[in-house]
Participant: 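The structure that follows is given in the form of structure tokens.
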Amino acid sequence: MIRIDGVLVSPGEGGVYGERMLKGYRVWDPYRSKLAALVHSGKAPDLLFGMVVLYLGAANGTTVSHVADYVDTVYAVEYAPRPMQDLLEVARRRKNVVPIFGDATRPSGYASIVESVDLLYQDVAQPDQVGIFMKNAAFLKESGIAVLMLKARSVDVRRDPAEITRETVAALEAGGFLVGHVCRLDPYHRDHAAIVVTRR
Ligand code: SAM
């Protein structure tokens, strides 16, 4: 990924959400994007030209737009109508973003559109984040890599986030994944952990 004077950037047309520009590149702010925070930790998978990405929980396309600056195609799934409108605008301006108005708990709804992917990225902040991940893992290539952005408070607000993270890791391992990294995203995003996995 590109850094200019130590600042993470992406190479695309600016003005998507009011992001700063630096020497012609779009500044990718770790306080606004969990994936950018993960890049700062040094544990994020490389985003490479030619990669195909399935992105669950696209919201208004902020992070999606930066990912699209680096890779070949981003299939971006979002189920809330309001952010979907912004995502459609991002897709209008970036020809490699395929916006999908769909529910990540029901991947059969977009299975006919989405191809096999190199990177599965999930940021849905739902109680059953592992269940959603497992359902969508069918799209991941054997050689693929996946990132689950775990918001422990969305799983159970009363329980210890560290315990929920441990349980999530165990569930992913039981589901046939090898957990490469578990990173807290402090100070950029509190109560979030990024779990980076590959297939075993
Ligand atoms: N990834 C975004 C970013 O970095 O810009 C932020 C994502 S926000 C934390 C979570 C998003 O997931 C929300 O927009 C929400 O509507 C969406 N979401 C939650 N459950 C979903 C589901 N089952 N299917 C699709 N989208 C979902």
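Hydrogens, waters and symmetry mates are skipped; everything else that's a heavy atom, side chains included, is used. Just follow the structure's listing: the first ligand is 1, and inside any ligand the first atom is 1.
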Participant: Below 4.0 angstrom from a heavy atom of Ala80, which ligand 1 atoms are there? Numbered from 1 as shown, please.
Facilitator: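 Once the distances to Ala80 are compared, the set is 16 (O).
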Participant: Of the listed options (Ala36, Ala104, Pro81, Ala76), which comes nearest to atom 24 (N) of ligand 1 when hydrogens are ignored and any heavy atom counts?
Facilitator: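 It is Ala104 whose heavy atom sits nearest to atom 24 (N) of ligand 1.
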Participant: Do any N/O atoms on Val77 end up under 3.5 angstrom from N/O atoms on ligand 1?
Facilitator: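 Among all N and O atoms of Val77, none is under 3.5 Å from an N or O of ligand 1.
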Participant: Report yes or no: does Tyr55 have a heavy atom closer than 4.0 Å to ligand 1?
Facilitator: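 In this structure, Tyr55 qualifies as a contact of ligand 1 - some heavy atom is under 4.0 Å.
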Participant: Pull out every atom of ligand 1 sitting under 4.0 Å from any heavy atom of Asp103, numbered as shown with elements.
Facilitator: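 This gives 22 (C), 23 (N), 24 (N) as the contact atoms.
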Participant: With the 4.5 Å side-chain cut-off for hydrophobic clustering, are Tyr70 and Val98 part of the same group?
Facilitator: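 No.
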Participant: Based purely on interatomic distance, does Ala125 place a nitrogen or oxygen under 3.5 Å from a nitrogen or oxygen of ligand 1?
Facilitator: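 No, Ala125 has no N/O under 3.5 Å of an N/O on ligand 1.
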Participant: Could you list the atoms of ligand 1 found under 4.0 angstrom from a heavy atom of Thr63?
Facilitator: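 Here the atoms of ligand 1 in question are 3 (C), 4 (O), 5 (O).
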Participant: Can you list the atoms of ligand 1 that are under 4.0 Å from a heavy atom of Ala59?
Facilitator: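 Reading through ligand 1 atom by atom, the close ones are 2 (C), 6 (C), 7 (C), 14 (O).
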Participant: For Gly102, is the nearest heavy atom under 4.0 Å from an atom of ligand 1?
Facilitator: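 The answer is yes, since Gly102 has a heavy atom less than 4.0 Å from ligand 1.
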Participant: Under 4.5 Å between side-chain heavy atoms, counting indirect links through other Ile/Leu/Val/Met/Phe/Trp/Tyr residues: same cluster for Leu150 and Val147 or not?
Facilitator: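 Hydrophobic grouping puts Leu150 apart from Val147.
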Participant: Nearest to atom 14 (O) of ligand 1, what protein heavy atom do you find, and at what distance?
Facilitator: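 Here the closest protein heavy atom is Glu78 OE1, 2.8 Å.
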Participant: Find all atoms of ligand 1 within a distance of less than 4.0 Å from any non-hydrogen atom belonging to Lys34, and give their numbers and elements.
Facilitator: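 The atoms of ligand 1 under 4.0 Å from a heavy atom of Lys34 are 9 (C).
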